[in-house]
Amino acid sequence: MTFADFPVLITQPMMPLIMEGVESRFPSVRLFEQADRSAFLASEGPRFKGLVTGQAVASDAILIGRLPNLQIISSFGVGYDLVDAHAAAARGITVTNTPDVLTDEVADLALGLLIATTRRLPQADTFIRQGRWLKGNFPLSDTLRGKTMGILGLGRIGKAVATRAEAFGLKLAYHGRTQQPDVPYPFFASLLEMAKVVDILMVIAPGGASTKAIVNRAVLEALGPHGTLINVARGSLVDEPVMVEMLASGALGAAGLDVFEDEPRVPEALFGLENVVLLPHVGSASVYTRNQMGQLVVDNVIAIAEGRAPLTPVPETPWIG
Ligand code: NAP
Ligand code: 8YV
């Protein structure tokens with residue numbers, strides 16, 4: 001089915017499944033190919049009913065304001081910190097994201113990154129490739145045995161991380177804005193107080209203003225020289241310059257980082273450090289899971305174009321028909 005009366009604007013290059021899924025059904029324009037985007041939006045903005053977007057472009061109040069007939073912002077990824085969902089809600093625009101389909105993939109990656117950081121797997125691989133095993137054994141590593149992990153953000157992914165961590169014998173605690181019923185792990189209303197009693201801090205809460213740099217110097221100092229930070233959430237949750245300084249000095253023990261403040265730019269001071277494992281934001285990045293996410297992006301636009309309820313609206317824009 002095609003939707004001639006539902007023009008869609010695509011803000012950034014997206015995976016082929018999304019580009020083909022959208023462009024084969026909807027009259028579509030690639031905003032990122034427009035020579036003068038501002039002039040284009042000024043003249044053509046009013047005709048678009050759908051916006052398809054991702055982590056590379058902010059769907060802020062300014063962009064939304066230039067699309068007066070918009071009905072849906074379909075965003076790739078469960079995190080939608082770059083979408084101004086409150087501005088969209090004020091205009092009656094539905095915002096959708098891609099939750100659930102990536103939960104297990106990201107949780108797998110989080111545990112993989114924790115083990116890689118603790119047991120220094122990338123460093124051990126490099127050790128062989130550099131021929132250093134011929135001259136002696138790889139140094140003994142830290143361990144997960146007897147460790148406690150605090151989870152910052154015990155949501156969908158946080159709970160999937162917790163299930164896996166229990167299987168690895170870790171003791172658990174969590175911090176969020178609210179204590180959750182029926183959760184067996186100790187709750188800490190204060191992130192700092194939790195950081196004081198855990199060995200590992202697993203960061204998997206949303207980005208945005210309310211979590212900006214909440215993993216600050218005091219929290220990192222509480223984690224300390226024997227502590228490990230794992231961040232699979234957003235770089236914005238951690239005070240990155242402080243984290244880099246503390247990793248370099250040994251004031252923070254180790255870090256496994258899938259996300260950074262200014263991706264794809266990663267602080268070069270991290271490159272030479274032996275106590276960090278760096279990943280290029282690959283939490284959900286399997287072909288299988290990215291296809292599931294991409295299909296949701298397309299299916300949400302189709303639902304709104306057909307006047308049906310979206311599959312995955314964000315809480316700020318509940319479907320009211
Ligand atoms: P979710 O189900 O909404 O869970 C978010 C959790 O964070 C909730 O437990 C929430 O608990 C807590 N939280 C929210 N605001 C908070 C605040 N201000 N302070 C402390 N805790 C707060 O989300 P999810 O599906 O698990 O995804 C979580 C995040 O992971 C996404 O937003 C995204 O940024 C990130 N992510 C990263 C990758 C990657 O590739 N690395 C992939 C997928 C997702 P309360 O409401 O009780 O505070
Ligand atoms: C994606 C993510 O890599 O879902 C999220 O919030 O961070 C990841 O799954 C990202 O959205 C794509 O750029």
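Start at 1 and go down the list; that is how both ligands and their atoms are numbered.
Ligand 2 places these atoms under 4.0 Å from at least one heavy atom of G79: 4 (O), 5 (C), 6 (O). Residue contact check: F76 has heavy atoms under 4.0 Å from atoms 11 (O), 12 (C) of ligand 2. Those atoms of ligand 2 that come under 4.0 Å of a heavy atom in R234, given as number and element, are 2 (C), 5 (C), 6 (O), 7 (O).
Comment: K212 engages E261 in a salt bridge, judged by a side-chain N to carboxylate O separation of less than 4.0 angstrom. The existence of a salt bridge linking E105 and R290 is excluded, since no basic side-chain nitrogen approaches an acidic carboxylate oxygen closer than 4.0 Å. Remark: R164 engages D104 in a salt bridge, criterion side-chain N to carboxylate O under 4.0 Å.
Considering backbone and side-chain atoms alike, G283 places an N or O below 3.5 Å from some N or O of ligand 1. Checked against a 3.5 angstrom limit, the closest N/O atoms of I157 and ligand 1 fall inside it. At least one N or O atom of R156, backbone or side chain, sits closer than 3.5 Å to an N or O atom of ligand 1. Residue contacts with ligand 1: G176 is placed with no nitrogen or oxygen under 3.5 Å of a nitrogen or oxygen of the ligand (distance criterion only). At a 3.5 angstrom cut-off on N or O pairs, T211 does not count as close to ligand 1. Ligand 1 has an N or O atom lying under 3.5 Å from an N or O atom of T178, backbone or side chain.
Residue-level proximity to ligand 2 for L102 is carried by the side chain, the only part with a heavy atom below 4.0 angstrom. The part of L154 lying near ligand 1 is the backbone, judged by heavy-atom distances below 4.0 Å.
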Ignoring hydrogens and angles, write down the donor-acceptor pairs under 3.5 Å from the side chains of residues 186-194, residues two or more places apart or on other chains.
from : atom 1 : to   : atom 2 : distance (Å)
S190 : OG     : L192 : N      : 3.3
S190 : OG     : E193 : N      : 3.0
E193 : OE2    : K196 : NZ     : 3.0

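Between the side chains of T126 and R132, no donor N or O sits under 3.5 Å from an acceptor N or O.
The heavy atom nearest to atom 48 (O) of ligand 1, considering only R177, H281, K212, is found in R177.
For the pair P99 and ligand 1, no heavy-atom separation below 4.0 Å is found.
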